[in-house]
Every structure is written in C-alpha cells, then in structure tokens.
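These numbers come from a predicted model, not from an experiment. Indexing begins at 1, ligand by ligand and atom by atom, following the structure's order. What's counted below: heavy atoms across the whole structure, side chains too, no hydrogens, waters or symmetry copies.
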Amino acid sequence: MRRQVLLAGLETRDCRATGAAEGDESALFEALVDHLRPAWNGGRVRLLLSAFAPSTPDRPGPRVWNSQLIRYAGYRQPDGSVVGDPETADLTAAAQRLGWRGRGTDYDVLPLVVQQPECEPRYFDLPPDAVPEVQISHPDHPWFEQLGLRWHAFPTISNQILELGGLRYTLAPFSAWYTCTEIGARNLSDTNRYDKLPEVARGMGLDTGRDRTLWRDRALLELTVAVLHSYDQAGVSIVDHHFATKQFVRHEEREYKSGRSCPADWSAIVPATSGSATPVWQRRCEPTRELPNFSPHQAPWPTGGAEG
Ligand code: ARG
C-alpha cells in the first residue's frame with residue numbers, strides 16, 4: 001500500500017502590490033503563472049494561496065473570470081452539444097468574444113481572462129509547462145488508455161472573494177491536491193460534464209441497456225480506480241476519499257476540543273461515491289455564514305449566476 005505523503009499547512013504569497021498600475025493586466029498574469037509553478041512543485045502539490053490587492057472604498061480589486069486557473073474549454077455546438085467541458089461553455093464563449101481562438105479539442109486549456117477594475121478584460125494563454133496534466137490509464141484494463149481521458153494535475157480555485165479582517169480580496173486563488181472522486185466520480189462522469197460512463201461501461205463489456213445491471217455504478221468505480229492509479233503512477237499528489245474523510249474527522253475533533261465549531265459544506269465533505277463507507281456520512285451540516293470566508297464572484301457575462 002502506497003503511503004500518502006502530503007505537505008500539510010497552507011502557504012501564502014503576498015501579491016498585494018502586483019499590477020497596481022492601472023491597466024497592468026500582464027503583471028497580474030505573470031504572478032498567476034508564478035503561483036502555479038510552486039503549487040505544482042514537481043508533483044508534490046502544495047496548499048498555496050496568493051492574495052492580490054483587496055478592494056478599497058474607492059476602487060474594487062482585480063479579478064479573473066476563470067473559476068479555476070487551469071480549466072478546459074467547452075465549445076457549444078449548433079445542435080446544443082458541447083465539445084470539451086460543458087461547465088466552462090459560458091467562459092469559453094466570453095473568451096472567444098474577446099478574440100481568443102481555441103483548437104476545438106476536448107481538452108483545450110482556457111486562457112486566463114484577467115480584469116483590472118474599471119478596465120476591459122484581457123486574455124493570456126498559459127505556457128504549457130505551467131499546466132501539468134495526467135493521462136488516465138487503468139491498472140487492470142489496458143484498453144482504458146485508448147479512451148484518451150486526462151485531467152489537470154491539481155485544482156486552483158480563482159473565482160472566490162476572500163473576506164478576511166474586514167477586507168475583500170477579489171483575487172485570491174488557492175491550490176490544493178485532488179481527491180480521486182472529484183475527477184472520477186464528477187468531472188469525467190457527470191452527465192453534464194464529460195459524461196464518460198457509457199464509454200467506460202462498454203469497454204468493460206457491461207449491458208448498458210438496463211439501469212438494473214448497475215453499469216453506471218460499476219463504471220464509476222473503475223474510472224475512480226483509474227484516476228487514483230494514474231496520478232500515483234505519474235507521481236502527482238492525490239488522496240482517496242477514505243483518507244480525506246478520516247482526515248476531516250480528525251480536524252473536526254481538534255476544532256471541537258479547542259472550543260470551536262466546524263462549519264462545512266456537506267456536498268464538499270461527503271464523497272460523490274461510497275459516502276456511506278466513510279465516517280462522514282452521518283454528519284449534518286447546518287448552513288452558517290461565518291467570517292473569514294470565501295464567496296463566489298458574480299459571473300461577468302450577462303446570463304447571470306456564478307459559474308461553479
Ligand atoms: N471539485 C473541483 C474540481 O474538480 C475542485 C474543488 C476543490 N478541490 C480540492 N481538492 N481542493 O476541479
């Protein structure tokens with residue numbers, strides 16, 4: 001059994017003075033690329049947050065339009081289907097309106113759309129070496145690799161406002177490592193995302209004609225096995241949902257012992273598969289609004305609603 005080796009503890013970068021000059025989007029972009037490299041750390045992913053200038057009473061702070069610094073484009077087709085990640089279809093269309101042209105594949109990395117207060121947004125393509133990815137293969141099924149599935153190595157949330165110490169940091173991207181279920185049991189399998197379960201099930205020789213064969217459930221599990229295996233093989237930090245939930249329970253106990261409450265988002269804590277096989281299944285999470293906290297930016301395009 002492989003031991004989980006993780007670097008614990010959040011590190012922060014002080015970018016409050018970056019790109020202060022009006023219209024200086026490229027300095028912000030450079031600093032965002034400079035966030036990705038140490039967060040990646042050659043595969044031993046770090047918990048890293050970069051705080052840029054907060055809003056002041058007379059000037060809002062900068063922002064990026066992307067929900068994560070690394071994300072794949074989603075191209076809406078005339079028939080309503082999407083090539084790539086349907087989750088980013090609005091952002092992709094917005095980037096195209098600014099003049100960006102993608103290649104049109106399933107895994108085109110989106111440019112960063114950077115906006116200084118009261119300025120037009122500008123887009124910048126990420127250098128390929130700042131975008132580590134993992135090709136997905138399965139430990140027991142050689143055909144799995146032929147599906148051509150991949151995912152970016154780690155998430156970096158970038159559309160959340162950090163409210164802290166009476167200030168609003170409108171650009172405060174933070175990176176972490178993945179839990180395998182986020183990719184295997186959501187991003188690559190949700191019917192409104194990459195929707196890959198039918199292909200995986202067909203590869204496994206399952207009868208997809210009837211729900212009762214539980215082909216979705218079996219494909220979901222093998223896809224998640226494949227994600228964990230592939231990240232391990234590539235030497236990229238990732239945790240399984242059993243480890244992650246035990247770690248959360250330990251954290252919760254420490255918080256209670258210190259006389260603090262431990263507010264959480266149930267859907268972020270209970271994994272998308274095998275919830276009942278983890279120690280967090282019984283948890284009840286009451287909605288709370290405490291500070292410091294993150295809250296999502298309003299989507300910048302007219303359709304409204306935050307992208308998530
Ligand atoms: N679920 C999101 C994604 O699949 C990432 C959310 C943050 N996840 C994390 N492990 N810190 O990209």
Task: Residue list, ring-ring contact (aromatic ring centres under 6.0 Å, His included) with Tyr72, at least two apart or on another chain - done: Tyr107, Trp151, His152
Task: Non-hydrogen side-chain atoms of Tyr178 and Asn187 separated by less than 4.5 Å - done: yes
Open item on the list: For Arg260, give me all partners under salt bridge (charged side-chain N to carboxylate O under 4.0 Å, His left out), at least two apart in sequence or on another chain.
Closed with: Glu255
TODO: Using a strict cut-off of under 4.0 Å between a residue heavy atom and any atom of ligand 1, list the qualifying protein residues by chain and number.
DONE: Gln68, Arg71, Pro155, Ile157, Ala176, Trp177, Tyr178, Glu182, Asn187
- [ ] Could you label the plane-to-plane angle of the His141 and Trp143 rings as parallel, tilted or perpendicular, counting under 30° as parallel and over 60° as perpendicular?
- [x] parallel
Open item on the list: Please check this pair: side chain of Asp265 against backbone of Ser267, looking for a donor-acceptor N/O pair closer than 3.5 Å.
Closed with: yes
Task: With Asp79 via side chain to side chain contact (heavy atoms under 4.5 Å, CB included) - residues at least two apart - done: Gln77, Ser81
